[in-house]
Amino acid sequence: IDKGPLVLHEDRDRDSASLFKRFDNSMAASHDGKWMAFIANLKDGKRVLVRQKLGGTFTIISKEGVEGVKKIEFFSPSINDSGHLVFRGIGEDGRRHIYFAGENVMTVLLSENQKVSLDQGDGVIFAPEGPSFGGQATLNNKNQILVRARVFKIKGQVDLGQALLRVQGP
């Protein structure tokens with residue numbers, strides 16, 4: 001019998017003892033329904049990326065200002081059936097990155113100004129104005145990430161438009 005929605009977390013408005021000041025509209029669930037991920041603000045104002053196995057405890061995967069992540073961007077993370085996830089952020093180097101977080105590892109998979117091989121020769125992920133990546137990155141159960149990026153041809157600095165890039169995670 002369905003007893004209605006199950007409350008998983010509450011913000012400080014609902015529970016003054018909550019770790020979370022507020023939640024973003026950035027959340028994801030694995031296809032098998034066992035994992036979830038969300039972005040929230042802590043009481044100190046820092047944004048965090050949280051992973052939780054449903055029915056279990058949660059883990060803060062990334063926090064702004066820690067381990068080279070200067071800012072967690074306002075795009076939903078993506079999580080697969082193994083609990084691995086990807087998210088967009090800005091590193092301490094000031095560049096936008098696509099991060100992968102596995103069981104015991106967090107690594108950068110793609111970055112602004114990174115060289116990529118294209119059908120028209122060597123290119124670079126770059127946007128003269130605005131972000132180089134568009135929207136959220138998605139992750140499948142083979143740890144393959146799909147993301148949209150703006151690309152330029154290195155020779156002659158020719159704008160090639162947007163490309164859908166697939167990269168293999170660890």
- prompt: Who pairs with E10 by side-chain contact (heavy atoms from CB on, under 4.5 Å), at least two apart in sequence or on another chain?
  reply: V7, R14, D15

- request: Kindly compute the distance separating OG1 (T57) from CZ (R51), expressed to the nearest 0.5 Å.
  value: 10.5 Å

- prompt: Is there a donor-acceptor contact under 3.5 Å from the side chain of S18 to the main chain of F20?
  reply: yes

message: If I take atom CD from residue Q144 and atom CG from residue L109, how far apart are they, to the nearest 0.5 angstrom?
response: 12.0 Å

May I have the list of side-chain donor-acceptor pairs in residues 162-170 shorter than 3.5 Å, sequence neighbours left out?
residue: Q162; atom: OE1; partner: R148; partner atom: NH1; Å: 2.8
residue: Q168; atom: NE2; partner: K142; partner atom: O; Å: 2.7
residue: Q168; atom: NE2; partner: N143; partner atom: O; Å: 3.4

task: Would you name the heavy atoms of S82 and W35 that are closest together and state the gap between them?
output: C-NE1, 3.8 Å

field: Derivation of the side-chain contact (heavy atoms from CB on, under 4.5 Å) call for V50 and I61
entry: CA-CA 6 Å; V50 177; I61 298 301; over 6 Å; no

message: Suppose we screen for side-chain contact (heavy atoms from CB on, under 4.5 Å). Which residues come up paired with D13, at least two apart in sequence or across chains?
response: D11

Residues 127-136 side chain polar contacts: donor-acceptor under 3.5 Å, at least two apart:
residue: S132; atom: OG; partner: E112; partner atom: OE2; Å: 3.0
residue: S132; atom: OG; partner: A127; partner atom: N; Å: 3.3

- request: Kindly indicate whether the side chain of S117, heavy atoms from C-beta on, has any atom under 4.5 Å from the side chain of D122.
  value: yes

message: Run the salt bridge (charged side-chain N to carboxylate O under 4.0 Å, His left out) test against R95 and tell me which residues pass, sequence neighbours left out.
response: D93

message: To the nearest 0.5 Å, what is the distance between CG on L110 and CD1 on I145?
response: 8.0 Å

- request: Decide side-chain contact (heavy atoms from CB on, under 4.5 Å) for L118 and L160; before the verdict, give the C-alpha distance in whole Å, the side-chain angles of both, and the deciding distance to 0.1 Å.
  value: CA-CA 10 Å; L118 304 166; L160 298 176; 3.6 Å; yes

- prompt: Does the side-chain contact (heavy atoms from CB on, under 4.5 Å) test come out yes or no for S30 and N80, once each step is laid out?
  reply: CA-CA 5 Å; S30 62; N80 67 18; 5.8 Å; no

query: Within a strict 4.5 Å, meaning less than it, do heavy atoms of the L8 and M36 side chains meet?
result: yes

- request: May I ask you to test the F58-L19 pair for a side-chain heavy-atom distance under 4.5 Å?
  value: yes

- prompt: Who pairs with S78 by side-chain hydrogen bond (donor to acceptor under 3.5 Å, both in side chains), at least two apart in sequence or on another chain?
  reply: none

- prompt: Which heavy atom of V116 sits nearest a heavy atom of V124, and at what distance?
  reply: CG2-N, 4.3 Å

- request: Answer yes or no: are there more than 12 heavy-atom neighbours, outside D44 itself, under 6.0 Å from its atom CG?
  value: yes

- request: Taking the side chain as every heavy atom from C-beta outward, state whether V69 and V66 have any atom pair closer than 4.5 Å.
  value: no

- prompt: Looking at CG of N141 and NE2 of H84, how far apart are the two atoms once the value is rounded to the nearest 0.5 Å?
  reply: 10.0 Å

- request: Enter the distance from E73:CD to H97:NE2 here, rounded to the nearest 0.5 Å.
  value: 10.0 Å

- prompt: Looking at CG of L139 and CD1 of I79, how far apart are the two atoms once the value is rounded to the nearest 0.5 Å?
  reply: 8.5 Å

message: Can you classify the ring geometry of H9 versus F23 as parallel (below 30°), tilted (30 to 60°) or perpendicular (above 60°)?
response: tilted

message: Donor-acceptor check, side chain of D81 to backbone of D32, threshold 3.5 angstrom: yes or no?
response: yes

field: Quiz item: cation-pi between R47 and F74, 6.0 Å / 45°
entry: yes

query: Hey, does N41 have a side-chain heavy atom less than 4.5 Å from the side chain of D24?
result: yes

message: Could you walk me through whether K70 and E64 satisfy the side-chain contact (heavy atoms from CB on, under 4.5 Å) test, starting with their C-alpha distance in whole Å, then the side-chain angles of each, then the deciding distance to 0.1 Å, before giving a yes or no?
response: CA-CA 5 Å; K70 181 178 179 180; E64 290 179 337; over 6 Å; no

